[in-house]
Number of protein chains: 2
Amino acid sequence: MADVAERAGVSTSTVSRTLRGLSTVSPEVRARVERAARELNFAVSRQAASLVTGKTGNVAVLVPTLDAWFMGAALSSLGPLLRSAGMELSVYLIPDMAERISFFDRLPARRNADALLVFSFDLNDKETARLDDLGMPVIYVSQHVDGRPSVYVDDVAAAAAGTRHLLNLGHRRIAFLHTVGASGFSFSSNERLLGYQQALTEAGIPVDEDLMAGIHTRDKRSTAEALGNLLSLREPPTAVFAEQDEVAVAALWTLRRTRIPVPERMSVLGFDDQPLADWFDLSTVAQSPKDIGREAGELALSLINEPDAADRCRHIVLPTYVIPRSTTAPPPAEEGEPRVSG
Amino acid sequence: MADVAERAGVSTSTVSRTLRGLSTVSPEVRARVERAARELNFAVSRQAASLVTGKTGNVAVLVPTLDAWFMGAALSSLGPLLRSAGMELSVYLIPDMAERISFFDRLPARRNADALLVFSFDLNDKETARLDDLGMPVIYVSQHVDGRPSVYVDDVAAAAAGTRHLLNLGHRRIAFLHTVGASGFSFSSNERLLGYQQALTEAGIPVDEDLMAGIHTRDKRSTAEALGNLLSLREPPTAVFAEQDEVAVAALWTLRRTRIPVPERMSVLGFDDQPLADWFDLSTVAQSPKDIGREAGELALSLINEPDAADRCRHIVLPTYVIPRSTTAPPPAEEGEPRVSG
DNA sequence: TTGAAAGCGCTAACAC
DNA sequence: GTGTTAGCGCTTTCAA
């Protein structure tokens, strides 16, 4: 910066002021400084700046994985948003328990970010408490914690709505495929299962353990097996509600191969509305991770700028939509149980 | 850090030495300092440290998108690798031309990272030159630039191998679906098209413009239209080579709906071998972004530590594999053109 | 093995 | 509107 100052014939303070866009610089000086900076290929060192301002210019995100549609979409809107606010995006990828423990033990984000967005983790109280004294705003995304700022969709209500869509079509035997294992989205996953059960109970239909199957997302056999079990029950389901589009599509594929017509003999409903769903004309419950990412980013920025604002623990709940496409329809009217008419 | 020093009854120099694991600290003092640091929840400020060391402890990545399988997988291996080396991961997401221009204009990564990994961009000479005087190692990933360190697969050879797989099965009319538009992977895309053409030419088969169709990944109609055109040619193809698994699967789906049996009447070959391919039992050309990410990360770390090493402009070319699954087979033996035997 | 002192590159408070 | 000065929190000589 001293070089730029010398070249422009001004002091470093003026260079600093110019480069930060402060208005207290005369146009001619500004022009001179900017030219000098460009000629010298100068860029401010955030490190040095942050040392004195106390702001790092970084927003950190804590994510369980990056190879899920949800994360990609959420970060796709978050990234440019932060960029346009002059912030950098730091990613802490915590794929397994070992990394998770080490993260919460060392809290490397401390002092190295101005805010932390925690995505989709099902945190325990100890971990939440640990984040509390991180000394920066922490925003919970795609999950929610009482008294802490959170951005999410109401997965319980969304899954209940999806289930009601099937119930309203006349289905009574509705299977639920929920993902288990290292997917890192256990929070939403559990809530969706809950919503499914809630809707059934409300409709006076007993929750049947046999109809709920755990799926390992990354393993196609897992879906085939689960479907096999469902199809060989004494009273097989007439509809399958998968808690993720990917699983729904895998189910769709297995059913088509087995020549079980969808939706004539079996309805399939997904969750997420990722591009895949559109390709396969899959009925699904839509959420918008882009909106989630954007809202979370904006909340982060506002908390950074006014840490004592009223939204210190605001909960932003984004809407979901049931999108009926070609894979849900009324169940076959067989089994001696005539359709109720009128 | 002064607090820690006081609490441990030593100077800040000693605290610094202890926390960086230098061996010139007596065990008892070390213990005292470490306890004090833990009690005070102290973490070293990277900003302040980097100001004097000149190292930021950051690795920056420049990516066109995050919602592609490739990026997710590559960063999934890169993230933990950097973390275990004590480095942070900074993501610059450049989804469109405006952001790209602004990035290359301002080069915000300058001075704020120790190395830059540039993913999948088809850079022009000016941009490459701009990165050259960034003052840090720049590694080109999933692309290659002469004289600069690069990590990639040989897309030309891989696509040629895939094409030969189809040729060897007996196909002569092979369509190629290449993605166009904002996907951000134009480098690989172009190379794959080249490989396809090369293999055909080598086999003495003229390249037919009618057989090459551009697809917009995010738009399923696009695939249907392209396939429609191909199927209504005077001499329709017997095989389709899609330059991305997602497009191949979309094609698969369209064909199945149209009751065109795969692979009996039409072979379909993908590229990438993402989980989708396995689900659909899709024949494909496999690459491993996890390996690419890991190699790129290791190269970055080694260039950071020894900037003058021999691998200053090393090219690491990772292997690809043709994975025949159930969607490729010999073409139907009709059309009066008997299969060559013996 | 430890401590004192001198910066690293910037911003902020204050003078002009 | 601009320059001077005093740190921000660390690491790194250099001396002890």
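Here is how names work: the chains are called A, B, and so on, in the same order as the sequence lines, proteins then strands, and each is numbered from 1. All values reported here derive from a predicted model rather than from experimental measurement.
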Using the side-chain heavy atoms of [X], tell me which of these nucleotides is nearest: [options].
X: B/S16; options: D/dT12, C/dG9, C/dA13; result: D/dT12
X: B/L51; options: C/dG3, D/dG9, C/dA13; result: D/dG9
X: A/V10; options: D/dG3, C/dT2, D/dG9; result: D/dG3
X: B/F42; options: C/dA12, D/dG9, D/dC10; result: D/dC10
X: A/A48; options: C/dG9, C/dT11, C/dT2; result: C/dG9
X: A/S45; options: C/dG9, C/dA13, C/dG3; result: C/dG9
X: B/V25; options: D/dG9, C/dA12, C/dT2; result: C/dT2

Rounded to whole angstroms, how far apart are [atom1] on [X] and [atom2] on [N]?
X: A/R32; N: D/dG1; atom1: CZ; atom2: P; value: 15 Å
X: A/M1; N: C/dC8; atom1: CE; atom2: P; value: 15 Å
X: B/R17; N: C/dG3; atom1: CZ; atom2: P; value: 8 Å
X: A/Q47; N: D/dC10; atom1: CD; atom2: C1'; value: 12 Å
X: B/R110; N: C/dG9; atom1: CZ; atom2: C1'; value: 15 Å
X: A/L19; N: C/dC10; atom1: CG; atom2: P; value: 9 Å
X: B/K55; N: C/dG9; atom1: NZ; atom2: C1'; value: 17 Å
X: A/L22; N: C/dC10; atom1: CG; atom2: C1'; value: 13 Å

Q.
Any donor-acceptor pair, under 3.5 Å, between the side chain of A/R111 and the base of D/dG9, if you only look at N and O atoms?
A.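 No pair found.
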
Q. Is a donor-acceptor contact shorter than 3.5 angstrom present between the side chain of B/S13 and the base of C/dA4?
A.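 Looking at the base of C/dA4, it does pair with a donor or acceptor on the side chain of B/S13 (distance under 3.5 Å).
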
Q. Which pair of heavy atoms, one from A/A48 and one from B/L51, lies closest together, and at what distance?
A.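 Smallest heavy-atom distance, with atoms named: CB-CD1, 3.4 Å.
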
Q: For B/D154 and B/V317, work out which heavy atoms get closest and say how close.
A: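 Smallest interatomic distance, heavy atoms only, reads N-CG1, 3.9 Å.
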
Distance below 4.0 Å between [X] side-chain N/O and [N] OP1 or OP2:
X: B/S11; N: C/dA4; value: no
X: A/R20; N: C/dA12; value: yes
X: A/T14; N: D/dT2; value: no
X: B/R46; N: D/dG9; value: no
X: B/S26; N: C/dT2; value: yes

Q. Checking all strands, does A/T24 fall into the base, sugar-phosphate, or nothing category for heavy-atom contacts under 4.0 angstrom?
A.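 A/T24: base contact, heavy atoms under 4.0 Å.
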
Q: Classify the angle between the aromatic ring planes of B/Y92 and B/F103 as parallel (below 30°), tilted (30 to 60°) or perpendicular (above 60°).
A: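 Ring orientation, 0 to 90° scale: perpendicular.
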
**Q.** Parallel, tilted or perpendicular: rings of B/Y152 and B/H144 (30°, 60°)
**A.**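 Geometry flag for B/Y152 against B/H144: parallel rings.
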
Q: Identify whether the distance between the nearest side-chain nitrogen and carboxylate oxygen of B/R38 and B/E34 falls below 4.0 Å.
A: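 So B/R38 does not pair with B/E34 through a salt bridge.
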
Q.
Looking at A/R83 and B/E99, is there a salt bridge between them, counting it only when a charged N and a carboxylate O are closer than 4.0 Å?
A.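 A salt bridge is absent here (no side-chain N lies under 4.0 Å from a carboxylate O).
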
